[in-house]
Amino acid sequence: MIKTLAAQIKEFKKDSILTPVYMLLEVIMETIIPLMMASIIDDGVNKGNVKHIYIMGAAMTVIAAIGLFAGVMGGKYGARASAGFARNLRKAMYENIQTFSFSNIDHYSTAGLVTRLTTDVTNLQNAYQMILRMCMRAPASMICAMTMAFFINARLASIYLIAVIILGVLLAIIMLNAHKYFNQVFRRYDDLNAGVQENVSAIRVVKAYVREDYEKNIFAKASTNVYKMFVKAESIITFNAPLMQLTVYSCILIISWLGAKSIVAGNLETGELMSLLTYCMNILMSLMMLSFVFVMITMSMASAERITEVLNEVPDIKNSENPVTEVKDGGIVFEDVEFSYNKNSEETVLKNININIKSGETIGIIGGTGSAKTSLVNLISRLYDVQKGRVLVGGIDVKEYDLETLRNSVSVVLQKNVLFSGTILENLRWGNKDASKEECKEACVLACADEFIERFPQKYDTHIEQGGTNVSGGQKQRLCIARALLKKPKVLILDDSTSAVDTATDAKIKEAFAKSIPGTTKLIIAQRISSVQNADRILVMDDGMINGFGTHEELLKTNEIYRDVYESQTGSSGDFDQNGGE
């Protein structure tokens with residue numbers, strides 16, 4: 001874990017080294033000052049040597065100025081190092097997340113990833129700054145002060161040593177007990193963020209069903225869980241302060257009493273006792289700083305583990321050693337394919353799939369909910385890998401392709417349409433960042449999106465809100481289809497992507513496809529028979545297996561599921577899943 005995190009310091013190594021160096025310089029200056037104060041009292045005030053007082057006073061001013069400069073510079077470089085470390089952590093996590101396959105993404109919740117990128121990184125940033133500054137300053141200050149105290153009077157200084165050992169053991173016990181609660185706190189944070197994200201993204205549904213009070217109760221429970229876990233952790237850590245105070249005042253009382261007896265006996269000077277008390281405060285303040293650092297480290301350990309988990313996550317899907325960088329055509333072959341989302345699961349989502357699709361064919365795919373239609377097409381662009389068998393595109397196993405090449409050649413309009421904040425043109429150019437405005441317009445004509453875009457006052461420069469909330473479901477679907485067409489793919493997959501489009505527009509889109517992109521293999525998942533009946537062939541899925549594969553006319557004669565669905569949709573009303581599903 002430490003090695004993984006340390007790798008993100010990168011260009012901030014210099015700042016990370018200079019920070020403790022300046023902290024050490026500050027400590028040395030602070031350690032010298034009590035000795036100079038003792039000299040002023042013993043050799044200046046007690047002996048009436050005014051000149052000595054002036055000299056030592058001027059020297060103390062210079063030493064204090066150097067200490068001040070070192071403290072300022074330590075703070076400056078510490079801030080740069082910790083902020084840079086946090087920036088690199090976020091960047092590294094975000095970049096690694098972009099390489100995740102769908103199976104990797106399934107390991108984490110969206111809220112969990114957001115928490116790691118925000119709260120967890122902030123915790124590590126604060127802890128790193130404390131480590132650079134306080135973890136150098138506090139131990140160095142304690143060691144220097146302890147050394148000087150033993151130099152002045154070893155018998156009295158041994159009191160500090162005993163106090164430090166006892167206090168160190170007690171602090172370690174407190175930190176270990178608090179750590180387990182901080183681990184649980186951040187899991188509760190994930191739940192809290194998940195609730196907020198879900199509520200905000202679905203706020204229209206919440207208001208439509210008047211469920212504000214219900215959502216408030218869910219949020220209150222999640223927030224209360226975070227509160228309770230923090231209270232448990234903090235209630236353990238609160239023992240720090242009383243223990244520190246007890247130790248500080250006990251040491252002061254014991255040293256004052258024993259020191260006074262030593263002065264009376266002539267074994268100790270007044271200035272030396274004053275220095276010892278100053279060093280006492282230095283030692284115990286150093287311990288207080290260390291205890292605060294331990295608190296931060298305890299909190300950040302849980303965050304560090306969560307961040308390291310993301311950084312060390314290895315993508316399940318990678319390029320082969322010498323990947324193929326060209327897809328010859330849109331031919332698709334499934335050979336004895338079996339697939340499961342959980343590699344260790346005995347239940348398979350797809351079983352014994354054997355299909356041969358020629359380049360340029362239009363294939364319709366129907367089936368009930370849960371029949372694995374989407375799972376089937378996800379294998380073509382290698383969003384998931386098969387457990388058994390092979391999937392070939394253009395005559396080559398998809399595992400042999402360069403991922404970018406394959407996914408640029410296989411364009412997928414997913415079941416859940418997503419638009420990003422920006423103009424319509426900016427959203428369209430997700431399909432091809434170099435596409436001209438004319439090319440974007442041509443794609444929109446094919447997807448029948450030009451009809452509504454031209455009615456907008458700003459046309460293609462119309463701003464789309466995040467998630468496409470200011471356009472209708474059908475408009476969003478057509479924009480996503482246009483975006484996919486701009487890739488000029490060898491294979492176009494429409495996963496129930498015209499469900500919100502009226503039948504006439506759906507027919508126009510399919511007709512445009514047949515005329516304008518005849519060489520592109522088109523896979524159309526649909527619930528409506530009318531959307532697929534003119535396809536070259538239709539695939540009927542049932543419970544992860546192929547139940548039928550043929551033309552509309554052939555399936556009406558030979559396939560019971562297809563015939564039942566057709567009759568329910570063209571005759572009396574019926575439910576797809578009840579009639580033709582599982």
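In what follows, every heavy atom counts, from backbone to side chain, and hydrogens, waters and symmetry copies are set aside. Throughout, numbering of the chain's residues begins at 1 and tracks the sequence.
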- Answer yes or no: is there a side-chain heavy-atom contact under 4.5 Å between Ile307 and Leu89? yes
Notebook entry, point to check: Counting only N and O atoms by type, is there a donor-acceptor contact under 3.5 Å from the side chain of Gln475 to the main-chain atoms of Ser472?
Noted result: yes
May I ask you to test the Glu404-Asn319 pair for a side-chain heavy-atom distance under 4.5 Å?
no
Quick one, Glu326 with Lys490, criterion salt bridge (Lys or Arg N to Asp or Glu O under 4.0 Å). Give me CA distance, side-chain angles, the key distance, then yes/no.
CA-CA 11 Å; Glu326 183 183 359; Lys490 298 284 176 44; 5.8 Å; no
Within the structure provided, determine whether Val324 and Thr405 are in side-chain contact (heavy-atom separation under 4.5 Å).
no
Q | Backbone of Pro457 reached by a side-chain donor or acceptor of Lys459 within 3.5 Å | A | no
Value for CD1 (Ile366) from CG (Leu539), rounded to nearest 0.5 Å, stands at 9.0 Å
Strictly distance-based, threshold 3.5 Å: is any side-chain N or O of Ser359 a donor or acceptor partner for the main-chain N or O of Gly330?
yes
(message) For a quick check under 3.5 Å, do Asp461 and Thr423 share a side-chain donor-acceptor pair by atom type?
(response) no
In this structure, CZ of Arg306 is separated from CE of Met93 (nearest 0.5 Å) by 9.5 Å
Asp120 side-chain N/O to Ser303 backbone N/O, donor-acceptor pair under 3.5 Å: no
* Expected output: side-chain Thr521 to main-chain Val491 donor-acceptor under 3.5 Å -> no
Side chain to side chain contact (heavy atoms under 4.5 Å, CB included) test vs Ile365 passes for just one of Ile525, Val532, Asp495, namely Ile525
Tightest non-hydrogen contact, residues Ile453 and Cys444, listed as CD1-SG, 3.7 Å
Counting C-beta onward and ignoring hydrogens, is there a side-chain heavy-atom pair between Ser411 and Leu485 closer than 4.5 Å?
no
#### Entry: Salt-bridge criterion met for Glu442 and Lys437 (N-O under 4.0 Å)
no
_Between Glu553 and Lys557, does any NZ, NE, NH1 or NH2 come within less than 4.0 Å of an OD or OE carboxylate oxygen?_
no
| field | Exercise: do Tyr341 and Ser375 side chains pair donor with acceptor under 3.5 Å | value | yes
Distance col, row Tyr384:OH vs Asn378:CG, nearest 0.5 angstrom, shows 6.5 Å
Given side chains that start at C-beta, do those of Phe549 and Ile363 come closer than 4.5 Å, heavy atoms only?
yes
On a heavy-atom basis, the closest approach of Ala482 and Ala443 is O-CB, 3.5 Å
- Would you mind reporting whether Phe452 and Arg455 have side-chain heavy atoms less than 4.5 Å apart? yes
**Asked** In this structure, are over 12 heavy atoms from other groups packed under 6.0 Å from Tyr94 atom OH?
**Response** no
For Gly389 and Val386, the nearest pair of non-hydrogen atoms, with its separation, is O-CG2, 3.5 Å
message = For Glu454, is there an ion pair with Lys441 - N to carboxylate O distance below 4.0 angstrom?
response = no
Exercise for the section: Report yes if some heavy atom in the side chain of Val393 is under 4.5 Å from a heavy atom in the side chain of Asp329; otherwise report no. Expected result: no
Of all heavy-atom pairs linking Asp385 and Gln387, the shortest is O-NE2, 3.6 Å
Partner of Tyr562 under side chain to side chain donor-acceptor pair (under 3.5 Å), picked from Glu554, Gln533, His552, is His552
Between the CG atom in Asn126 and the OG atom in Ser82, the distance rounded to the nearest 0.5 Å is 7.5 Å
Heavy-atom donor-acceptor pair, Lys351 side chain to Glu338 backbone, under 3.5 Å:
no
Does atom NZ of Lys10 have more than 12 heavy-atom neighbours, drawn from other residues, nucleotides or ligands, at distances under 6.0 Å?
yes
What one should report as the nearest heavy-atom pair of Val310 and Asn96 is O-ND2, 2.7 Å
Of Asp402, Leu383, Val412, the one forming a side chain to side chain contact (heavy atoms under 4.5 Å, CB included) with Arg407 is Leu383
Next on the checklist: Between Glu439 and Lys488, does the salt bridge (Lys or Arg N to Asp or Glu O under 4.0 Å) criterion hold? Intermediate values first, please.
Outcome noted: CA-CA 11 Å; Glu439 288 175 317; Lys488 297 179 180 169; 3.4 Å; yes
Q. Is there a donor-acceptor pair under 3.5 Å between the side chain of Glu361 and the backbone N or O of Lys358?
A. yes
Here the pair of heavy atoms bringing Cys440 nearest to Leu428 is CB-CD1, 3.9 Å
* To do: Answer yes or no: is there a donor N or O on one side and an acceptor on the other, between the side chain of Asp536 and the main chain of Thr362, under 3.5 Å?
  => yes
To the nearest 0.5 Å, atom CZ of Phe334 lies from atom CG of Leu350 at 8.0 Å
SB check Arg116 Glu305 (cutoff 4.0 Å): no
task: Give a yes or no on whether a salt bridge exists between Arg390 and Glu335, defined as a side-chain N under 4.0 angstrom from a carboxylate O.
output: yes
- If only atom types and distance count, is the side chain of Arg483 paired as donor or acceptor with the main-chain N or O of Gly431 below 3.5 Å? no
Fill in: Any donor-acceptor N/O pair, Ser531 side chain to Ala526 backbone, under 3.5 Å
no
*asked:* Is the distance from the ring center of Phe12 to that of Phe85 below 6.0 Å?
replied: no
### Query
Would you say Ile546 and Met541 make side-chain contact, with heavy atoms under 4.5 Å?
yes
